[in-house]
Amino acid sequence: MQILRKSNWEGFKKITKMKRKEIINKVKESGLKGRSGSNFLTGLKWELIGKGTRYLICNADEGEPGTFKDKFILENNPQLMIEGIAIASYAMDIHSAFIYLRGEYSYLKPKLEKIIKQSEIYLKKIKLNIEIVPGAGSYLCGEETAILESIEGNRPIVRRKPPYPSESGLNSNPTCINNVETLANIPLIFLGEWDNNLQLFSLSGDLKKPGIYEIELGTKLEHIISCGKPKKELKAVYFGGSGGCLPYEKFKNLRVDEKTISGKGAVLGARSLIAVGKDRNIVDISKTISEFFVHESCGYCTPCREGNFRVLELLDKIKDRKARIIDVKLLEKLAYHISDTSYCALGVSSTTHLKCALKYFKDEFRV
Amino acid sequence: MKIKIDGRRFSAKEGETILNVAKRNKIYIPTLCYHPDLKPQGRCRVCLVEVDGKLVTSCNTKVMDNMEIFTNTKRVKEARKLNIELIYNNHSGEKELEFSVVAKELGIKKSRFEKPKKEIKSPMERDNMKCLLCGRCVQVCGAIQSINNIEFTDRGISTRISTPYDISIKDSACTFCGQCALYCPGNAIRERAYNEKVVRSLMEEMNKIINKKKFIIAQTAPAVRASLGEMFGMKPGTLVTGKMVTALRKLGFDKVFDTDFGADLTIMEEANEFVGRMKEKKNLPLITSCCPAWIKFAEQTFPFLLKNISTCKSPHQMLGAIAKTYYAQKLKLKPKDLMIVSIMPCIAKKFEAQRPEMKISGCNDVDVVLTTREIGRIIKKEKINFTDLRDGEFDDPLGISSGGGAIFGVTGGVMEAALRVAYEILTGKRLKEIDFNQVRGFEGIREADIKIDNKIIKVGVVHGLGNIRKFIESDRWKKYHFIEMMACPGGCIGGGGQPRPTTNEIRKKRMEALYRQDKKMKIRMSNKNPAIKKLYLEFLGEPLGEMSKKLLHTKYKKRKVKYT
């Protein structure tokens, strides 16, 4: 696997001989995009950072259902990520970086601290201090502006953009927020022989071999799923909790990248695929995902807080065969309403799973 | 910049929100969590409009050049309605609430979501089942009042508003200023101490003809007459003094007195206290004491200021004490035979009336405190047609007042009334220019140099607890001789017990009304009030005399609360 390559600070040694602008241009030319699912050009993000005291935040608060690729890197090659942080900090003239580490991953904190200590010679060279901040525990804490609030000690509420974090982020200073996988790829760009299309996929669900696989973007859905060795015939593939689902048989020849998936109404996101067997009921799955969002909604805005609660109520009714046709209609209306009027992107995406389910598996929502 | 709303062209300034432009041009957009005094949050998602095929909240979306906005497409209308429907079950059904008005305007009479939300318990004196989670109270408590005593806690459908670590509100840093209640669109936070039961037993007692045990006296604060009319659809700034007195008589109060009289009495004591401290140059600046929320704030947060605060009780406590002694003697009654009901624009007054220091011969100075909202509701419940009432007059002798007492209800009023009297005491001359325009206004912190007898007196006027905190923490307070502090923005006219809605615009209108009243009055100085003169002659002796000290003055103590 490309991501497991040991760099031993070779990439870093190369960039310290380069000018800042050169580094940023090289990252830009590499075509590396944010691996959290945002797909924003990383080099451009670096270029857009404002003036003054700047901060870098490594977003290690991976909370999407079915996603565990960052954990894989943190466990197996964290040194690469630390090196990426150092390169990014040097390129943007940053002297204070934070690793916002998911609460459930706190067992990794001693390990990361050890690596930071071992890397002191390199970090001292560029006067960089790396601090590990434990995540505050909610799903929302993975959103970049909620992380800012969380580090500042506030309730994690998504900030309204603009201003973007690149102009006014942590403590109102310009801040760059990058994902673990994005940063881990940075040193590789400078080592050469690096393929931007090789990305991490989290495979789980009705599979014999769930796990992390490095697969080329654009591979057929069937080939990706076959890596995990399905236990049984598959009905659907879910793209995490918020990415929605697609029927497997119908789309198994689809070449998977963000454009093809969104063309069908789902969202590829952080490349988490959950395989669902034919024997499973879509309403049950919708209910499970819906429970997740009822639990994780921050409660800020009406549609996400109240709406998801009512979605769950209606799904319960449908499952218990107590629903009427108007209930299903109301469910559909709510699904679109919540994504239409919610305050933040997480609220907006909280019903994608339902919209897809109603599009492709309507007959399972029987009354 | 030019924008288009519903196909019509409008000009707009950079940085303006869509809602601002629409409001200015009288285009209707419903709002709920939005309040003109607060920062827009975009929580309730009711003020939606369509821009570029997307639904956005108009309260916090800024206009851009050539923006095309649609306020009444089918999609917009349906989305607004559904968001109201989602919180409709939290609503209490009271017609006058802001939430009810918005729901009615959108034509929503019931929600398709029947089952009520699961119950949420909280130690706060509030009804979580009626809470719309609009966040206005949180913002007002934090950003405006700087107390930060309530915040959102928990998440998702269990989200609620509570104190730090859910401690009981009585142990918390709450000053009972009541601004949270004033801004609440759904009556989820409200005055707590006097519930329906107390009011009902009070009404019963008043309606008894035989076997009546108590002689019941009402007194009304200066600010109530400038706002009570709003409860009955009258325009903000309408003075309803006469109608209010008549309504209270109809309710069965035996006498209706005016807290303005108490205010005049406060001024007599406080102006003399000020002159005394000026002469001795001790414990300056003198800081006013008539605001009970400010007093609690000082006791818990700035105890080092307590020696500077005037020892005068607040006007309604003074009037209560005088009624239960001087007036009771006239009626040949004992203090406990009298029941004093204060009608106040304030929630903190309920707390003040229960303070153990506020007693004379074992009786509370004041027995019950009702807010403007509460008395308005009682008048409605008793089916009194308020707007058609004839004007009544306050009863003698504790109903006679001066213009100085009248302006107590606005920020700067106490200062002005005190200066009027202090001038005459200090110079021994008659005051010609009665208006002290230097201390009037709406700015959070105001200051003026007043020249009396070749001496410069530095005065400061501060309103809103947030401004007070800033003022004290910056150490600016040290350079003054006399400071007026009011916890609520605008003073009592913007008090926590006033009718909803209250905005800064409405506050200013109520303010003008009180200044109008002052201007019209024949006696404008507290020391010229004949009833006050008579009271000192017959009963009290002189200001700060032995009797005054016993009845009209109090003391303060350092107060420990959790998590200030």
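Proteins come first, then strands; the chains are lettered A, B, ... in the order of their sequence lines, and each starts at number 1.
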Where does A:Ser138 contact chain B at under 4.5 Å (heavy atoms): side chain, backbone, both or neither?
both

Please list, chain by chain and in numerical order, all residues satisfying salt bridge (charged side-chain N to carboxylate O under 4.0 Å, His left out) with B:Lys104, sequence neighbours excluded.
none

With rounding to the nearest 0.5 Å, note down the distance linking [atom1] in [X] to [atom2] in [Y].
{"X": "A:Arg305", "Y": "B:Ile157", "atom1": "CZ", "atom2": "CD1", "value": "7.0 Å"}
{"X": "B:Asn83", "Y": "A:Thr341", "atom1": "CG", "atom2": "OG1", "value": "4.0 Å"}
{"X": "B:Thr153", "Y": "A:Arg155", "atom1": "OG1", "atom2": "CZ", "value": "6.5 Å"}

Would you mind reporting whether B:Leu82 and A:Leu334 have side-chain heavy atoms less than 4.5 Å apart?
yes

With the side chain counted from C-beta on, respond yes when A:Leu330 and B:Phe113 share a heavy-atom pair under 4.5 Å apart, and no when they do not.
yes

Tell me whether A:Ser297 contacts the main-chain N or O of B:Gly156 through its side chain, where contact means a donor paired with an acceptor under 3.5 Å.
no

Crowding at [atom1], [X] (>12 non-hydrogen neighbours, <6.0 Å):
{"X": "B:Arg24", "atom1": "CZ", "value": "yes"}
{"X": "B:Tyr165", "atom1": "OH", "value": "no"}
{"X": "A:Lys319", "atom1": "NZ", "value": "no"}
{"X": "A:Lys355", "atom1": "NZ", "value": "yes"}
{"X": "B:Asp65", "atom1": "CG", "value": "yes"}
{"X": "B:Met1", "atom1": "CE", "value": "yes"}
{"X": "B:Lys62", "atom1": "NZ", "value": "no"}

B:Ile84 versus chain A, heavy atoms under 4.5 Å apart: side chain, backbone, both or neither?
neither

Less than 4.5 Å to any heavy atom of chain A: does that hold for the side chain of B:Asp154, its backbone, both, or neither?
backbone

Residue from B:Glu151, B:Arg112, B:Lys54 scoring the most non-hydrogen pairs under 4.5 Å with chain A is B:Arg112

In terms of heavy-atom pairs under 4.5 Å with chain A, which of B:Thr57, B:Leu55, B:Asn60 leads?
B:Asn60

Among B:Gln41, B:Arg45, B:Arg43, which residue meets the side-chain contact (heavy atoms from CB on, under 4.5 Å) test with A:Tyr343?
B:Arg45

Contact listing (chain A partner; residues 69-81 of chain B; heavy atom under 4.5 Å)
B:Arg75, B:Glu78, B:Ala79

B:Gly42 and A:Cys301: which non-hydrogen atoms are nearest, and at how many Å?
O-CB, 4.4 Å

Taking every heavy atom of B:Leu86 against every heavy atom of A:Glu306, the minimum-distance pair comes out as O-OE1, 3.5 Å

Have B:Ser111 and A:Arg310 got a donor and an acceptor in their side chains that come within less than 3.5 Å?
no

